Amino acid sequence: MSKFNPNEVVFEKIRYIEEFDPATKQLLNRMTNVKEPTLNFTSEGTAVTDAQGAEIVTFYNAAQGTLSYTNAIHSFDLLAEQFFSEKNIASDENKIIAPVSEVLEIAENKVTLKYVPTGTAGAEIKYVQLINEENEFGETLEVSAAAAAGKFAIDAETKTLTFSDGTTGRVIVDYEAEMTEALSLAKTTDSLPLVRTLHVHCYFRNKCDSNIKYVGVITFPRAHIDISSVDVSLTPDGGHAVTYKLQKPYCDETGKLCEVFVYKD
């Protein structure tokens, strides 16, 4: 029986990329829609020359690499890594206060909000803006204990705003509300992402028989997400780009940047 020893293969695709805690090996993140992946390695070359300047040998050191890809679908887990932020998940016990904006039609001098506004009692919402006949900002109304000209009243418990008699049209209402089904994350100016271990899972095909599939796994023991430039696309088809700096574990004498495994599916 011949040994399994493929050489030239057809790269099919990356199945997914997994991110682990290097110390505990806990799976932290999994990207399943990877496109446009690139892997690059560099080394610094030091040439040794003779008395006439002819090169005798070149020593290479300071090897490092980069792994870049775009996840076709935006990922809040990945964004949290790039922000070095904990992803805060709301619950009944841990509500998140989030900004809300609504455009509402005034009916019988009243509008009803979708959420219960938070803030100072009786002034949870300080201002609202009427929309004029040209669909632009009109008059700004200020909260008051009772509805009057240029004023509106609020009953947060019933989520109701009341306007003076004869007020019609639409109104822009911006406020904050507690959410039990929400998440939040924040980027600060002194953030430093943590080092992770990456496993890149991919498929190969036999060059002579495409029905024969090989599984490949490329592991990177020390991958540091690069936040020197983070481009977050704000379009549906833009994807979510990320780059990792690949370095050997500093105290590892083997200097292993990555390791490649291939086996039959």
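Treat the numbers as computed from the prediction; the structure is a model and nothing was measured.
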I225/F84 under side chain to side chain contact (heavy atoms under 4.5 Å, CB included): CA gap, chis, key distance, verdict: CA-CA 10 Å; I225 203 165; F84 185 46; over 6 Å; no
Going through the checks in order, is the side chain to side chain contact (heavy atoms under 4.5 Å, CB included) test met by L39 and F220? CA-CA 11 Å; L39 179 59; F220 304 94; 3.8 Å; yes
Test side chain to side chain contact (heavy atoms under 4.5 Å, CB included) on R196 and D21 and set out the steps. CA-CA 5 Å; R196 301 302 189 196; D21 183 309; 4.2 Å; yes
Can F163 and V128 be said to form a side chain to side chain contact (heavy atoms under 4.5 Å, CB included), step by step? CA-CA 11 Å; F163 304 91; V128 299; 4.0 Å; yes
I would like to know whether D226 and S228 meet side-chain hydrogen bond (donor to acceptor under 3.5 Å, both in side chains); could you show each step before the answer? CA-CA 6 Å; D226 187 353; S228 61; 2.7 Å; yes
Show your reasoning for whether side-chain hydrogen bond (donor to acceptor under 3.5 Å, both in side chains) applies to K159 and T112. CA-CA 6 Å; K159 303 183 288 185; T112 301; over 6 Å; no
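In summary, the side chains of T180 and K95 do not present any donor paired with an acceptor at a separation below 3.5 Å, with no hydrogens or angles considered. With 3.5 Å as the limit, one finds no donor-acceptor pair spanning the side chains of T66 and S68. No hydrogens or angles considered: nothing links the side chains of E12 and Y214 as a donor-acceptor pair under 3.5 Å. Side-chain atoms of D174 and S101 include a donor-acceptor pair closer than 3.5 Å.
Enclosure of atom CD in E181 is not indicated, since only 12 or fewer non-hydrogen atoms of other residues, nucleotides or ligands lie within 6.0 angstrom. By the neighbour-count criterion of 12 heavy atoms within 6.0 Å, atom NZ of K13 is sparsely surrounded, having that number or fewer from other residues, nucleotides or ligands. Summarising the local packing, OH of Y60 is surrounded by 12 or fewer heavy atoms from other residues, nucleotides or ligands at distances under 6.0 Å. Heavy-atom neighbours of E55 CD from other residues, nucleotides or ligands within 6.0 Å: above the threshold of 12. Within a 6.0 Å radius of NZ in K126, no more than 12 heavy atoms belonging to other residues, nucleotides or ligands are found. For NZ of K213, the number of neighbouring non-hydrogen atoms (other residues, nucleotides, ligands) closer than 6.0 Å is greater than 12. Environment of CD in E259: crowded, with over 12 heavy atoms of neighbouring residues, nucleotides or ligands closer than 6.0 Å. Within 6.0 Å of NZ in K245 there are 12 or fewer heavy atoms belonging to other residues, nucleotides or ligands.
When the side chains of ILVMFWY residues are joined at heavy-atom separations under 4.5 Å, either directly or via intervening members, V232 and L78 end up in a single hydrophobic cluster. Linking Ile, Leu, Val, Met, Phe, Trp and Tyr whenever their side-chain heavy atoms come within less than 4.5 Å leaves F4 and F261 in two separate clusters. Note: the hydrophobic cluster containing V9 also contains V262 (ILVMFWY, side chain heavy atoms under 4.5 Å, direct or indirect links). Under a hydrophobic-cluster definition in which Ile, Leu, Val, Met, Phe, Trp and Tyr are linked whenever side-chain heavy atoms come within less than 4.5 Å, directly or via other members, V260 and L198 are assigned to the same cluster. Following chains of ILVMFWY side-chain contacts shorter than 4.5 Å, one can reach L130 starting from V173, so the two form part of one hydrophobic cluster.
The shortest side-chain heavy-atom distance between L183 and N88 does not fall under the 4.5 Å cut-off. Contact check for V116 versus E124: no side-chain heavy atoms found under the 4.5 Å cut-off.
In this pair, F20 and H199 present their aromatic rings tilted. The plane angle is within the 30 to 60° band.
Evaluation of the ring pair (Phe, Tyr, Trp, His ring centres under 6.0 Å) rule for Y16 yields H201 as partners, not counting sequence neighbours.
The CG atom of D165 sits 7.5 Å away from the OG1 atom of T167 when rounded to the nearest 0.5 Å.
Minimum interatomic distance between L27 and E19 (heavy atoms only, all atoms of both residues): CD1-O, 3.5 Å.
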